[in-house]
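Presented below is the structure to which this report refers.
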Amino acid sequence: MTLKARLSRDGVVVAPGVYDPLTALIATEAGFEAVYLSGAAVAYTRLGRSDIGLATMTEMAETIGLIRDRVDTPMIVDADNGHGNALNVQRTVRLYERAGASALQIEDQSLPKRCGHLAGKKLIPAGEMVGKIKAAVDARASEETLIVARTDAIAVEGFDAAIERAERYADAGADVLFVEAPRSEGELSAVAARFSSHLPLLANMVEGGATPLRSADDLGALGFRLVIFPGGIVRALARAAQDYYRSLHEHRTNKPFRDRMFDFDQLNAVIGTPELLALGARYEDPAGDAK
Ligand SMILES: C[C@](O)(C(=O)O)[C@H](CC(=O)O)C(=O)O
């Protein structure tokens, strides 16, 4: 089922952050209906850098393609600010859509952008963002590809201005609204109350970020339809990697850690090695010439 079709049904869609085919595969096997290709998670893992707009459009497009080669799960893609002006937005939409994005998230920050939960953000004028949303809508090849409009205005211009911006972005044709970083329960509920009967709303749960953490079900009850947990996988894996490396460095053996990791066969089962080798065997000598 496409993400658009899924969002037309009841219930909240939970999309965990992924950053490569392995995380997308494991998330899919865990049962998620959609995944979120997080720009932050890509910057953290591929660049070892902060989420400040350093990951390029082509690096993201390549990542989308690699994930699509492995899973069909609907994928919401973080397109930052579209990587430039309205024309850059159009190129980004075409490239990401062809690579396999089901939805593109575009925000109203100016370049250089930064994570929505970092201080010091700057915005483009609302009118310019309206043009970028229209450009995105015009550029998509399929109406199944959703445009998620994000405003970062709460921290910059205040809550009311953020709501006004979101209204203008909805009028410009956005399919989903993402009011970034509400600072309290009250702001979360006010966003939901304003928009939830109008069009699907996305909530962003960042561990340690500006927004109080709530379960997807609680957010669904408020009226949110999509909940992303974008950087959580990297925070979990980075912690595991630190523990693993420190243990190996200290003990000079992997023994103390072995019950906290997959063994060779277990990892091969996760990535489907037996199935892949069996498939390869079917093509080895289909005509029986080698006999
Ligand atoms: C959603 C987000 O744009 C992302 O890159 O995943 C980030 C999340 C994060 O930095 O953890 C954001 O700006 O909220």
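For clarity, every value in this text was computed on a predicted model and none was experimentally measured. Numbering of ligands and ligand atoms starts at 1, following listing order. The figures here come from the full heavy-atom set of this structure, side chains too, leaving out hydrogens, waters and symmetry mates.
Scored by the side chain to side chain contact (heavy atoms under 4.5 Å, CB included) test, I26 finds L22, V270 as partners (sequence neighbours excluded). Partners of A135 under the side chain to side chain contact (heavy atoms under 4.5 Å, CB included) rule, at least two apart in sequence or in another chain, are A86, Q90.
Between R46 and E59 there is no salt bridge, since none of the side-chain N atoms of the basic residue sits less than 4.0 Å from a carboxylate O of the acidic one.
Of the residues T151, N204, T211, the one that meets the side-chain hydrogen bond (donor to acceptor under 3.5 Å, both in side chains) test with E180 is N204.
In the hydrophobic clustering, where aliphatic and aromatic side chains (Ile, Leu, Val, Met, Phe, Trp, Tyr) are joined below 4.5 Å either directly or transitively, Y283 groups with L279.
Heavy-atom minimum distance, K4 versus E143: NZ-O, 3.3 Å.
Listed by chain and number, residues touching ligand 1 at under 4.0 Å (heavy atoms only) are Y36, S38, G39, A40, Y44, D51, D78, C115, G116, H117, R150, E180, N204, V206, P230, R235.
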